[in-house]
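As the structure lists them, so they are numbered: ligands from 1, and atoms in each ligand from 1. Just the heavy atoms: all of them, side chains too, but no hydrogens, waters or symmetry mates, feed the values below.
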Amino acid sequence: MSVKDNLLQIKSDIPTNVTLVAVSKTKPKEALLEAYKAGQRVFGENKVQEMVEKWEALPKDIEWHMIGHLQRNKVKYMAEFVSLIHGVDSLKLLMEIDKQAQKHGRVISCLLQMHIAEEDTKFGLDEQELNELIASDEFQTMENIKVVGLMGMATFTSDEGQIRKEFAHLKSIFEKLKQRLSGISILSMGMSGDYQIAIEEGSTMVRIGSSIFGSRNYS
Ligand SMILES: *Cc1c(COP(=O)(O)O)cnc(C)c1O
């Protein structure tokens, strides 16, 4: 199946109120352009340098999402154009995004990444850290970032019950956050292997790579 066929297949499989982020990391520009020509406008990358190169080369109406773990010293390279940063897991990082956004006269939308998986290899905040972050004075005074929701990754397992439980947990944190902050609307959860479960558990944004572009080759 071609990128176009894969994309259309997935689009027909997800409800229209769920946003599809086409995760194009490691893939050549031609592959992104094929998806673009089939109507896709939202792309996710996990390396800043790679995202900058693709942004420079590809049509300007693409929305670029940073989905990977982000180092503070890289924020400046994408502050001009990034439209959503999914993996924010510290106040310090949020403050750097705020600072760089201000230089460009922008407000950058961010998702806070929650640690929901059983594995301790995945990044993210626990609920207490989330509460401390949003209660901090620094958070209250930042004007060039906007937290619009949460992102999380489930454990990499074939145990569907486990995955469902973790997504349901994230959804419950999301609902509580909505009560405390205004403008919370995005719940980014679900990848190629688990997006159907994520949508059943309340995802509003799925990040799908290999099911669209084929498996990645990291050599
Ligand atoms: C790579 C990646 C994805 C997409 O993974 P697939 O299994 O290829 O769909 C989604 N989210 C994050 C954070 C990723 O790094």
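- Compare Gln113, Lys25, Arg207 by their heavy atoms: the one nearest to atom 2 (C) of ligand 1 is in Lys25.
- Salt bridge status for Glu200 with Arg164: present, with a side-chain N to carboxylate O gap under 4.0 Å.
- Contacts between Asn46 and ligand 1 below 4.0 angstrom, taking non-hydrogen atoms only, are absent altogether.
- Below 30°, between 30° and 60°, or above 60°: for Trp55 and Phe81 the angle between ring planes is below 30°, a parallel geometry.
- Heavy-atom proximity to Arg216, at under 4.0 Å, picks out these atoms of ligand 1: 1 (C), 5 (O), 6 (P), 8 (O).
- Near Gly209, meaning under 4.0 Å from any of its heavy atoms, are these atoms of ligand 1: 4 (C), 6 (P), 8 (O), 9 (O).
- If you number the atoms of ligand 1 from 1 as listed, the ones under 4.0 Å from a heavy atom of Ile208 come out as 9 (O).
- In summary, the side chains of Ser210 and Arg216 do not present any donor paired with an acceptor at a separation below 3.5 Å, with no hydrogens or angles considered.
- A donor-acceptor contact closer than 3.5 angstrom links the side chains of Glu53 and Gln49.
- Salt bridge present: Lys178 and Glu175 bring a charged side-chain N and a carboxylate O closer than 4.0 Å.
- By the criterion of a heavy-atom distance under 4.0 Å, the side chain of Met151, and not its backbone, is placed next to ligand 1.
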